[in-house]
Amino acid sequence: MTSPHWESLGPPPLGLFVLEQGRAAFELAQLGARRKLVDAAPRGDGHPVLVLPGLFAGDLSTAPMRRLLRALCYDVHGWGLGINTGPTATLRARLDEALARLRRRHGRRVSLIGWSLGGIYARELARAHPDDVRCVITMGSPFRDISATHAARLVPIRPGGRSLRDAHALRAHLRSPLPLPTTSIYSKTDGIVAWESCLEEAGSERENVEVTCSHTGMGFHAEALAVIADRLAQQEGAWRPWLRPGREP
């Protein structure tokens with residue numbers, strides 16, 4: 001995959017943005033689909049999972065996902081840091097501490113799930129501590145071009161006093177691949193984040209999985225949750241690409 005021309009990437013169409021909240025409310029209401037997923041999904045091995053929310057969201061937004069993953073036998077944790085108002089040095093230190101605490105408590109590597117900006121946090125946490133992380137799963141996270149979102153103007157990052165759009169070194173760093181299994185879940189109907197900005201480079205133990213849902217509803221959409229359940233259920237050290245049900249390997 002070639003690198004995007006940064007100046008050509010912008011946020012998704014305004015029409016998708018306007019429909020976001022209504023679509024998300026509908027997706028949240030699909031309790032029956034999530035119950036069927038619990039019945040059909042593989043059971044986990046009890047390893048720890050840390051879930052990081054998106055911008056201006058907190059643990060309440062990830063509660064349906066965490067509830068489902070607990071039903072599948074994972075030891076799932078919210079981040080416990082209130083509302084995500086953007087990256088700071090203090091936040092980075094607290095995430096480092098949370099990962100280290102889970103690693104010590106369980107004696108096992110931790111899977112990281114991040115939604116939107118939370119996925120960028122998850123990637124950078126894994127990059128800093130690769131020996132402590134089992135896999136990273138991101139949902140609608142624009143790590144390939146962090147400015148290609150309707151929320152970019154709200155994120156308080158001005159590296160070197162420059163805008164995100166002009167911070168080329170930071171943007172190159174964020175899109176660089178991780179040295180561990182990584183799954184990026186994205187939707188071409190995402191109304192907040194340009195889906196192209198969520199695409200991982202092709203390579204070993206890296207993949208992009210398309211689902212059809214809103215950005216705001218991705219964390220409780222049955223299709224996205226099915227991908228997450230499948231990825232978490234893989235045996236450590238035996239990664240394989242996602243195979244959509246009904247397709248031959």
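For reference, positions follow the sequence shown, starting with 1.
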Out of curiosity, [X] [atom1] to [Y] [atom2], how far, rounded to the nearest 0.5 Å?
X: Arg101; Y: His106; atom1: CZ; atom2: NE2; value: 10.5 Å
X: Thr182; Y: Glu201; atom1: OG1; atom2: CD; value: 12.0 Å
X: Leu170; Y: Ser147; atom1: CG; atom2: OG; value: 10.5 Å
X: Phe26; Y: Gln21; atom1: CZ; atom2: CD; value: 15.5 Å
X: Arg70; Y: Met65; atom1: CZ; atom2: CE; value: 11.5 Å
X: Thr138; Y: Met218; atom1: OG1; atom2: CE; value: 9.5 Å

Output yes when [X] and [Y] qualify as a salt bridge under the 4.0 Å nitrogen-oxygen rule, no when they do not.
X: Asp96; Y: Arg92; result: yes
X: Arg108; Y: Asp75; result: no
X: Arg94; Y: Glu97; result: no

Just wondering, more than 12 heavy atoms not from Arg35 lying within 6.0 Å of its CZ?
no

Are [X] and [Y] side-chain neighbours, meaning at least one heavy-atom pair lies under 4.5 Å?
X: Leu14; Y: Leu16; answer: no
X: Leu125; Y: Val133; answer: no
X: Tyr186; Y: Leu199; answer: yes
X: Val110; Y: Asp132; answer: no
X: Tyr121; Y: Leu91; answer: yes
X: Arg171; Y: Asp145; answer: yes
X: Trp115; Y: Pro53; answer: no
X: Ser141; Y: Arg123; answer: no

Any side-chain donor near an acceptor of the partner, [X] and [Y], under 3.5 Å:
X: His47; Y: Arg109; value: no
X: Ser197; Y: Arg175; value: no
X: Thr216; Y: Arg23; value: no
X: Glu207; Y: Thr183; value: yes
X: Ser187; Y: Thr189; value: yes
X: Asp45; Y: Tyr74; value: no
X: Arg231; Y: Ser111; value: no

Apply side chain to side chain contact (heavy atoms under 4.5 Å, CB included) to Gln30 and His221, showing your working.
CA-CA 8 Å; Gln30 302 306 300; His221 189 269; over 6 Å; no

Which heavy-atom pair separates [X] from [Y] by the least distance, and what is that distance?
X: Ile83; Y: Gly58; value: CD1-N, 4.0 Å
X: Asp190; Y: Glu20; value: C-OE2, 3.9 Å
X: Glu200; Y: Pro177; value: OE1-CA, 4.1 Å
X: Glu27; Y: Gly217; value: OE1-CA, 3.2 Å
X: Leu68; Y: Leu225; value: CD1-CD1, 4.0 Å
X: Ile228; Y: Met139; value: CD1-SD, 3.6 Å

Treating Ile, Leu, Val, Met, Phe, Trp and Tyr as nodes and any side-chain heavy-atom pair under 4.5 angstrom as an edge, say whether [X] and [Y] lie in one connected cluster.
X: Ile185; Y: Val193; value: no
X: Leu174; Y: Leu117; value: yes
X: Leu28; Y: Ile192; value: no
X: Leu180; Y: Trp239; value: no

When you look at Asp230 and Arg244, which way does the salt bridge (Lys or Arg N to Asp or Glu O under 4.0 Å) test go after all the steps?
CA-CA 10 Å; Asp230 180 88; Arg244 196 171 296 277; over 6 Å; no

Would a distance-only check, ignoring hydrogens and angles, find a side-chain to backbone donor-acceptor pair under 3.5 Å from Arg103 to Asp131?
yes

Answer yes or no: is there a donor N or O on one side and an acceptor on the other, between the side chain of Arg43 and the main chain of Ala41, under 3.5 Å?
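Pair found, side chain donor or acceptor close to backbone of Ala41.
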
Criterion side chain to side chain contact (heavy atoms under 4.5 Å, CB included) on Val49 and Val51, from CA distance to verdict:
CA-CA 7 Å; Val49 178; Val51 184; 4.2 Å; yes

Go through the steps to decide whether Leu102 and His77 satisfy the test side chain to side chain contact (heavy atoms under 4.5 Å, CB included), and finish with yes or no.
CA-CA 9 Å; Leu102 288 176; His77 301 263; 3.4 Å; yes

Going by the angle between their ring planes, with limits at 30° and 60°, are His150 and Phe17 parallel, tilted or perpendicular?
tilted

Show, in sequence, the C-alpha distance, side-chain angles and deciding distance for Arg127 and Ser176, and conclude whether the side chain to side chain contact (heavy atoms under 4.5 Å, CB included) test is met.
CA-CA 10 Å; Arg127 196 187 307 278; Ser176 60; 3.0 Å; yes

Identified side chain to side chain contact (heavy atoms under 4.5 Å, CB included) counterpart of Leu52 within the set Leu95, Asp59, Ile113, Asn84
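Of all the options given, the one that passes is Leu95.
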
